[in-house]
Structures are given as C-alpha cells and as structure tokens.
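Structure, as structure tokens:
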Amino acid sequence: MPDLLPDTAAEAVAAQQRGLNDMVAQQAYAHGQQAGQSFDVTAPRQLVCPQCRAETHGTPFCPGCGHRLAQEIACGGCHNPLPDGAAFCPTCGTRR
C-alpha cells in the first residue's frame with residue numbers, strides 16, 4: 001500500500017498561486033477605489049453606447065457614432081421581428 005502523503009512541492013506552488021491571485025485582486029481593488037474618487041455619483045446617468053461610450057438618452061441610434069442600439073431579434077425562417085421571450089415565431093412557427 002503506497003503512502004498517501006501530500007505532494008509538498010505541489011502544495012507550495014498552489015499556495016504561491018493563491019497568494020499571487022490575492023495580491024493582484026487587492027491591487028485591482030485599490031486601483032478601482034482610486035479611480036472611483038473622481039466619479040461624480042450625483043450626475044444622472046443614461047444608457048451608454050457600447051461602441052463609443054456616449055450617453056444615448058434611450059435613442060435607437062447612438063448620437064455620437066450612429067451605432068444601432070435597438071437590435072430587433074428576427075425569425076430565422078420568415079425574418080419577421082420576434083417578441084421578447086418568444087420560443088417560437090408567432091408568424092411561421094419556427095423555433096427561436
């Protein structure tokens with residue numbers, strides 16, 4: 001019957017990696033805290049464009065870059081718009 005002793009070297013490497021991960025997480029958290037000091041929490045925020053980060057104010061197109069924000073989901077069969085949460089197309093019955 002072989003000894004079931006832990007692999008000490010592997011445990012040491014794993015502990016080093018956990019320490020490294022913890023230190024990186026702490027540094028990232030501290031950086032976020034510093035960056036957050038200049039954030040104006042009293043300013044009203046709107047939806048932002050994923051392309052240029054401009055505030056969109058709920059428009060279907062970004063006023064900064066023109067990116068289409070309101071993306072309709074279309075049926076793969078008849079290409080008609082699908083309602084939110086629909087599992088099947090109400091027009092042709094194609095599965096979403």
Side-chain angles (χ1 to χ4, degrees):
M1 178 178 216
D3 290 356
L4 298 176
L5 298 175
D7 183 353
T8 307
E11 292 292 329
V13 170
Q16 289 173 354
Q17 190 61 48
R18 285 192 306 272
L20 175 66
N21 290 344
D22 289 347
M23 182 55 69
V24 169
Q26 288 174 8
Q27 289 178 353
Y29 183 80
H31 179 74
Q33 283 184 316
Q34 288 175 347
Q37 290 176 352
S38 63
F39 188 81
D40 183 6
V41 296
T42 62
R45 300 286 178 206
Q46 296 288 327
L47 299 175
V48 295
C49 173
Q51 297 287 328
C52 71
R53 309 300 298 161
E55 289 190 14
T56 63
H57 304 283
T59 60
F61 294 92
C62 174
C65 70
H67 178 73
R68 183 181 174 120
L69 300 167
Q71 303 287 334
E72 287 186 348
I73 299 173
C75 172
C78 68
H79 305 290
N80 283 325
L82 289 174
D84 289 337
F88 294 91
C89 175
T91 304
C92 70
T94 301
R95 183 170 180 81
R96 185 173 191 183

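What you see is a predicted model, and the numbers here were worked out from it, not measured in a lab.
Sorted by first and then second residue, the side-chain hydrogen bond (donor to acceptor under 3.5 Å, both in side chains) pairs with a member in residues 5-17 read Gln17-Asn21; sequence neighbours excluded. Applying the side-chain hydrogen bond (donor to acceptor under 3.5 Å, both in side chains) test to residues at least two apart or on different chains, none of the pairs has a partner in residues 59-70.
With values rounded to the nearest 0.5 angstrom, Cys62 atom SG is found 10.5 Å from Arg53 atom CZ.
Its side chain within the 4.5 Å cluster rule, Leu20 clusters with Val24 among the Ile, Leu, Val, Met, Phe, Trp and Tyr residues. Leu69 belongs to no multi-residue hydrophobic cluster, having no ILVMFWY side-chain contact under 4.5 Å with any other such residue.
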Atom pairs and distances, side-chain donor-acceptor, residues 79-96, under 3.5 Å, sequence neighbours left out:
unit_1: Arg96; atom_1: NH1; unit_2: Ala86; atom_2: O; d: 3.2

Donor-acceptor contacts under 3.5 Å from residues 29-38 side chains, at least two apart:
unit_1: Ser38; atom_1: OG; unit_2: Ala35; atom_2: O; d: 3.2

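In this structure, Thr56 contributes its side chain and Cys49 its backbone to no donor-acceptor pair below 3.5 Å.
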